[in-house]
Amino acid sequence: MNSNIRNSLIDRVIAITGGATGIGFSTAERCAAAGARIAIIDLSPERGASAVKALRERGFTASFYCADVTNEQQIAKAIGDTERELGPVAGLVNNAGIAGFGSVHEAKLSDWERVMAVNVTGTFLASKAVIPSMLKSSRGSIVNFGSVAGTVGIPTMAAYCAAKGAVVNLTRQMAADYSGKGIRVNAVCPGTVASTDMGHQLLGSDSSPELLAKRLAKYPLGRFGEPGDIAAAVFFLLTDDAAFVTGAALAVDGGMTAI
Ligand code: NAI
Ligand code: 1HS
């Protein structure tokens with residue numbers, strides 16, 4: 001592969017929070033195939049180890065760092081270890097996220113706080129840990145995870161909608177701060193990806209055929225997303241093909257928020 005082409009990630013280190021499974025792991029595969037060295041940062045040591053094994057078996061360079069993104073010391077150590085072992089982080093994917101269910105009058109405060117902590121505070125803390133070295137090199141791309149739930153209201157998902165809305169506007173704020181300093185910051189806003197753990201949790205929360213059909217009917221392209229659909233968009237935002245893109249909230253939702 002020619003390292004001058006703009007969609008190469010050769011010699012770049014890409015750190016992916018929540019990268020052990022689901023959309024994060026699909027993003028890891030996509031970036032590794034384009035030449036990146038991958039740091040998977042995740043809560044789950046078992047899944048992290050098996051994700052790294054799967055990547056290494058395909059000849060890719062990948063390491064696992066166990067951290068909870070809500071813990072400042074753990075995430076700072078994971079990024080520090082990544083930089084020592086793999087090199088400076090060129091791309092950060094703030095993919096770690098959890099869903100939460102309940103309307104405002106029903107939701108538990110503890111669930112609200114955890115959803116805000118993982119989705120919003122986790123994005124803040126991982127970004128805070130990588131930005132100093134990106135500022136030194138005047139180069140970096142950060143991709144945050146919004147959702148259609150960050151753009152429109154989804155019934156019974158109060159905390160999750162609030163959290164993803166915050167991530168989308170934090171993305172714009174970060175783009176404003178760092179655009180003159182070589183760091184681009186964007187968000188992807190996926191629609192439902194049914195095949196991941198979160199997708200199962202979401203669809204399991206309304207498993208009757210009628211409710212599933214109602215949910216699917218919101219998607220003009222007639223299907224839910226696949227992890228690879230989202231990974232392709234994240235990949236684009238990480239590469240130099242997206243050199244003129246910052247502060248964007250890219251809908252990857254089969255048209256769900258367009259109608
Ligand atoms: P998933 O539940 O399948 O995987 C999430 C990964 O994040 C897991 O490996 C988990 O161990 C890790 N994780 C969770 N909490 C963590 C923490 N505190 N620290 C470190 N790692 C943690 O989720 P999925 O579906 O792959 O979603 C990925 C992202 O995409 C999330 O931000 C989610 O909100 C977003 N999203 C997902 C959609 C879907 O329908 N699946 C749709 C729209 C957005
Ligand atoms: C969980 C993920 O962010 C999607 S919320 C969207 C739910 S819907 O569009 O399928 O009703």
Side-chain angles (χ1 to χ4, degrees), residues 15-28 39-52 64-72 74-75 78-79 93-101 113-123 125-126 143-161 163-168 187-206 211-221 223-231 233-234 249-257 259:
I16 305 169
T17 69
T21 53
I23 297 168
F25 181 66
S26 183
T27 302
I40 287 180
I41 299 172
D42 204 287
L43 264 184
S44 163
E46 297 77 23
R47 286 173 156 194
S50 81
V52 159
F64 171 61
Y65 303 94
C66 191
D68 181 334
V69 293
T70 69
N71 181 306
E72 184 169 16
Q74 288 181 21
I75 189 68
I79 295 293
V93 183
N94 280 313
N95 160 85
I98 57 168
F101 299 93
E113 287 176 340
R114 185 68 187 162
V115 169
M116 296 301 277
V118 178
N119 292 284
V120 186
T121 309
T123 298
L125 289 176
V143 181
N144 294 332
F145 264 70
S147 162
V148 291
T151 309
V152 298
I154 306 291
T156 76
M157 296 188 85
Y160 187 72
C161 287
K164 291 305 192 183
V167 169
V168 168
V188 288
C189 295
T192 288
V193 174
S195 60
T196 67
D197 287 354
M198 186 184 287
H200 294 144
Q201 195 189 358
L202 177 74
L203 298 178
S205 71
D206 56 9
L211 283 171
L212 182 63
K214 198 170 154 199
R215 212 180 262 279
L216 189 57
K218 295 197 283 185
Y219 288 81
L221 289 184
R223 66 171 177 88
F224 294 130
E226 296 295 334
D229 293 324
I230 317 308
V234 176
L250 177 57
V252 191
D253 65 1
M256 190 271 203
T257 54
I259 57 165

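Just so you know, ligand 1 is whichever comes first in the structure, and atom 1 is the first atom listed for that ligand.
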Original post:
If you round to the nearest 0.5 Å, how far is OG1 of T121 from CZ of R114?
Top reply: 9.5 Å

Subject >> Nearest non-hydrogen partners of T196 and G22, listed with the distance >> reply: CG2-CA, 3.7 Å

**OP:** Check whether any heavy atom of L43 sits under 4.0 Å from an atom of ligand 1.
**Re:** yes

Original post:
Yes or no on side chain to side chain contact (heavy atoms under 4.5 Å, CB included) for R47 and D197, after CA distance, side-chain angles and deciding distance?
Top reply: CA-CA 13 Å; R47 286 173 156 194; D197 287 354; 2.8 Å; yes

Original post:
Can you tell me which residue and heavy atom of the protein come closest to atom 26 (O) of ligand 1, and the distance to 0.1 Å?
Top reply: I23 N, 2.9 Å

Original post:
Would you find a donor on one side and an acceptor on the other, under 3.5 Å apart, between the side chain of T192 and the backbone of F224?
Top reply: no

Subject >> Atoms in ligand 1 with a heavy atom of R114 nearer than 4.0 Å >> reply: 18 (N)

Subject >> atom 25 (O) of ligand 1 [closest protein heavy-atom partner, distance rounded to 0.1 Å] >> reply: T196 OG1, 2.6 Å

Subject >> Polar atom proximity, G22 to ligand 1 (N or O, under 3.5 Å) >> reply: no

**OP:** Indicate yes or no: does an N/O atom of D68 lie under 3.5 Å from an N/O atom of ligand 1?
**Re:** yes

**OP:** Could you grab the distance from atom OH of Y65 to atom CD1 of I79, nearest 0.5 Å is fine?
**Re:** 9.5 Å

Original post:
G18 and N95: which non-hydrogen atoms are nearest, and at how many Å?
Top reply: O-ND2, 3.0 Å

Original post:
Quick one: which of Y160, F224, Y219 has a heavy atom closest to atom 1 (C) of ligand 2?
Top reply: Y160

Original post:
Do any N/O atoms on S147 end up under 3.5 angstrom from N/O atoms on ligand 1?
Top reply: no

Original post:
So which heavy atom in the protein is nearest atom 43 (C) of ligand 1, and how far is it from that ligand atom?
Top reply: P190 O, 3.3 Å

Subject >> Heavy-atom nearest neighbour in the protein, as seen from atom 19 (N) of ligand 1, with distance rounded to 0.1 Å >> reply: V69 N, 3.0 Å

**OP:** Would you mind reporting whether L202 and F101 have side-chain heavy atoms less than 4.5 Å apart?
**Re:** yes

**OP:** Identify the two heavy atoms, one from K164 and one from S147, that lie closest to each other, and give their separation to 0.1 Å.
**Re:** CG-CB, 3.8 Å

Subject >> Criterion side chain to side chain contact (heavy atoms under 4.5 Å, CB included) on V148 and Y219, from CA distance to verdict >> reply: CA-CA 11 Å; V148 291; Y219 288 81; 4.3 Å; yes

**OP:** Indicate whether any N or O donor in one side chain lies under 3.5 Å from an N or O acceptor in the other, for D42 and S44.
**Re:** no

Original post:
What residue and atom, counting heavy atoms only, is the protein's closest point to atom 4 (C) of ligand 2, and at what distance?
Top reply: T192 OG1, 3.7 Å

**OP:** Would you mind running through ligand 1 and noting each atom that sits below 4.0 Å from a heavy atom of G146?
**Re:** 44 (C)

Subject >> Nearest non-hydrogen protein atom, atom 2 (O) of ligand 1 >> reply: M198 N, 3.5 Å

Original post:
If you measure from atom 22 (C) of ligand 1 to every heavy atom of A96, S26, C66, which option wins on shortest distance?
Top reply: A96

Original post:
If you count the atoms of ligand 2 from 1 in the order shown, which ones are under 4.0 Å from a heavy atom of K218?
Top reply: 8 (S), 9 (O), 11 (O)

Original post:
Hey, which of I41, I23, I16, V188 is the one that makes side chain to side chain contact (heavy atoms under 4.5 Å, CB included) with V93?
Top reply: I16

**OP:** Between A67 and ligand 1, find which residue part has any heavy-atom pair under 4.0 Å and reply side chain, backbone, both or neither.
**Re:** backbone

**OP:** State the atoms of ligand 1, each with its element, that fall below the 4.0 Å cut-off from a heavy-atom position in V193.
**Re:** 39 (C), 40 (O), 41 (N)

Subject >> Polar proximity ligand 1 side, G24 side, N/O cut 3.5 Å exclusive >> reply: no

**OP:** Taking all non-hydrogen atoms of both residues into account, name the closest pair between M157 and A99 and its distance.
**Re:** CE-CB, 4.1 Å

**OP:** For D197, take its heavy atoms, then give the atoms of ligand 1 lying under 4.0 Å from any of them.
**Re:** 2 (O), 3 (O)

Original post:
Got an N/O contact under 3.5 Å between T192 and ligand 1?
Top reply: no

Subject >> Close approach of G191 to ligand 1, heavy atoms, under 4.0 angstrom >> reply: yes

**OP:** Output the list of atoms in ligand 2 that are nearer than 4.0 Å to some heavy atom of V148, sorted by atom number.
**Re:** 6 (C)

Original post:
Relative to the heavy atoms of Y160, which atoms of ligand 1 are at a distance of less than 4.0 Å?
Top reply: 33 (C), 34 (O), 35 (C), 36 (N), 44 (C)

Original post:
Where's the contact between F224 and ligand 1, heavy-atom distance under 4.0 Å: side chain, backbone, both or neither?
Top reply: neither

**OP:** State, yes or no, whether a side-chain contact exists between I230 and F145 at a heavy-atom distance under 4.5 Å.
**Re:** yes

**OP:** Give the contacting part of K164 toward ligand 2: side chain, backbone, both or neither, where contact means a heavy-atom distance below 4.0 Å.
**Re:** neither

**OP:** Compare every heavy atom of S195 with every heavy atom of P227, then report the nearest pair and how far apart it is.
**Re:** CD-OG, 3.3 Å

Original post:
Can you tell me the protein heavy atom closest to atom 30 (O) of ligand 1 and the distance?
Top reply: F145 CD2, 3.1 Å

**OP:** Please write down residue, atom name and distance for the protein heavy atom closest to atom 32 (O) of ligand 1.
**Re:** N95 O, 2.8 Å

Original post:
Below 3.5 angstrom, do we get any N/O pair linking K164 and ligand 1?
Top reply: yes

**OP:** Taking only heavy atoms of M198 into account, list the atoms of ligand 2 that are under 4.0 Å away from them.
**Re:** 1 (C)

Original post:
Which of the numbered atoms in ligand 1 are below 4.0 angstrom from a heavy atom of T21?
Top reply: 4 (O), 6 (C), 8 (C), 9 (O)

Original post:
ligand 1 and S44, any nitrogen or oxygen pair closer than 3.5 angstrom?
Top reply: no

Original post:
Minimum heavy-atom separation for I154 to M256, with atom names?
Top reply: CD1-CE, 3.8 Å

**OP:** Find all atoms of ligand 2 within a distance of less than 4.0 Å from any non-hydrogen atom belonging to R215, and give their numbers and elements.
**Re:** 7 (C), 8 (S), 10 (O), 11 (O)

Original post:
Would you say L202 and ligand 1 have an N/O pair spaced under 3.5 Å apart?
Top reply: no

Subject >> Numbered atoms and elements of ligand 2 in range of M256, under 4.0 angstrom, heavy atoms >> reply: 9 (O)

**OP:** Do me a favour and list the nearest non-hydrogen protein atom to atom 12 (C) of ligand 1 with residue, atom name and distance?
**Re:** D42 OD2, 3.4 Å

Original post:
Any donor-acceptor pair under 3.5 Å linking the side chain of N144 with the backbone of V168?
Top reply: no

